[in-house]
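Notes to accompany the following structure.
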Amino acid sequence: GQSLEQPSEVTAVEGAIVQINCTYQTSGFYGLSWYQQHDGGAPTFLSYNALDGLEETGRFSSFLSRSDSYGYLLLQELQMKDSASYFCAVPYSSASKIIFGSGTRLSIRP
Amino acid sequence: DTEVTQTPKHLVMGMTNKKSLKCEQHMGHRAMYWYKQKAKKPPELMFVYSYEKLSINESVPSRFSPECPNSSLLNLHLHALQPEDSALYLCASSQDGSGFQETQYFGPGTRLLVL
């Protein structure tokens with residue numbers, strides 16, 4: 001089966017850096033995605049890693065280590081608007097089937 | 001235009017009612033999805049349509065009936081729902097569902113309450 005584990009809650013200070021980890025167990029691995037969802041909003045795609053290493057997109061970066069079945073999302077220069085839930089996700093059995101991790105609720109304090 | 005729209009935003013229905021949720025996208029995507037999301041939980045895949053054909057049904061009860069009238073529209077017909085079906089129903093679309101790196105674009109969802 002497929003399973004993803006991530007912390008349920010993380011708290012950080014505005015302007016700081018935070019890392020949200022995700023470990024996965026999958027039969028077949030095709031890549032790791034990250035989605036952001038604000039309360040009452042739709043999930044929005046942030047990043048996708050198919051290969052080992054760091055992908056940077058503005059203040060957000062995502063890292064993957066296939067040998068460790070581990071990835072993380074790094075958020076820099078935190079802003080209050082970054083308060084949201086963050087889900088790691090993997091496709092399984094086919095590209096159109098995605099399983100999401102349980103989500104990490106990020107709270108930013110001033 | 002990278003928008004997926006869903007109507008209605010909110011829906012309250014009784015267990016004997018029949019209602020429909022609607023989803024529309026104009027990005028030329030050929031794969032469309034229905035997800036169910038309970039509070040503080042991740043989205044769970046219900047159905048996938050690829051090129052207007054149902055390609056995945058995640059063992060969803062028959063009281064949920066999807067329909068894809070054309071490549072831009074996706075409906076979810078609801079009948080004889082249970083209170084535990086109350087949730088946020090999300091629609092999404094992607095290029096054609098064949099690429100592992102495809103981005104799924106989500107609509108804002110319909111918040112459903114079954115009384």
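What you see below is based on every heavy atom in this structure, not just the backbone, and it leaves out hydrogens, waters and symmetry mates. Just so it is clear: chains get the letters A, B, ... in the order the sequence lines come, proteins before strands, and each one is counted from 1.
Summarising the geometry, atom CD belonging to B:E44 is positioned 11.0 Å from atom CZ belonging to A:F100; distances are rounded to the nearest 0.5 Å. With rounding to the nearest 0.5 angstrom, the OG atom of A:S102 is 13.0 Å from the NZ atom of B:K40. The OG atom of A:S85 sits 12.0 Å away from atom NZ of B:K41, with the distance rounded to the nearest 0.5 Å.
The environment of A:E14 atom CD is dense: over 12 non-hydrogen atoms of other residues, nucleotides or ligands sit within 6.0 angstrom. Atom NZ of B:K38 has more than 12 heavy atoms from other residues, nucleotides or ligands within 6.0 Å. Within 6.0 Å of CD in A:Q79 there are more than 12 heavy atoms belonging to other residues, nucleotides or ligands. The neighbour count for A:K97 NZ, taken as heavy atoms of other residues, nucleotides or ligands under 6.0 Å away, is above 12. Around CD of B:E58, the count of heavy atoms belonging to other residues, nucleotides or ligands within 6.0 Å exceeds 12. For CZ of A:R66, the number of neighbouring non-hydrogen atoms (other residues, nucleotides, ligands) closer than 6.0 Å is greater than 12. More than 12 heavy-atom neighbours from other residues, nucleotides or ligands sit within 6.0 angstrom of CD on A:Q2.
Using a 4.5 Å cut-off between heavy atoms, B:S94 does not touch chain A at all. The parts of B:Q104 that come within reach of chain A are both its backbone and its side chain, each placing non-hydrogen atoms under 4.5 angstrom from that chain. If you measure heavy-atom distances from B:Q6 to chain A, you find no contacts under 4.5 Å at all.
Taking each heavy atom of A:S96 and B:I56 in turn, the nearest pair found is OG-CD1, 3.6 Å.
Taking chain A as the reference chain and counting heavy-atom pairs below 4.5 Å, the highest number among B:G109, B:P43, B:S55, B:P108 is found for B:P43. The candidate with the highest count of non-hydrogen atom pairs below 4.5 Å against chain A, out of B:E102, B:R111, B:Q37, is B:Q37.
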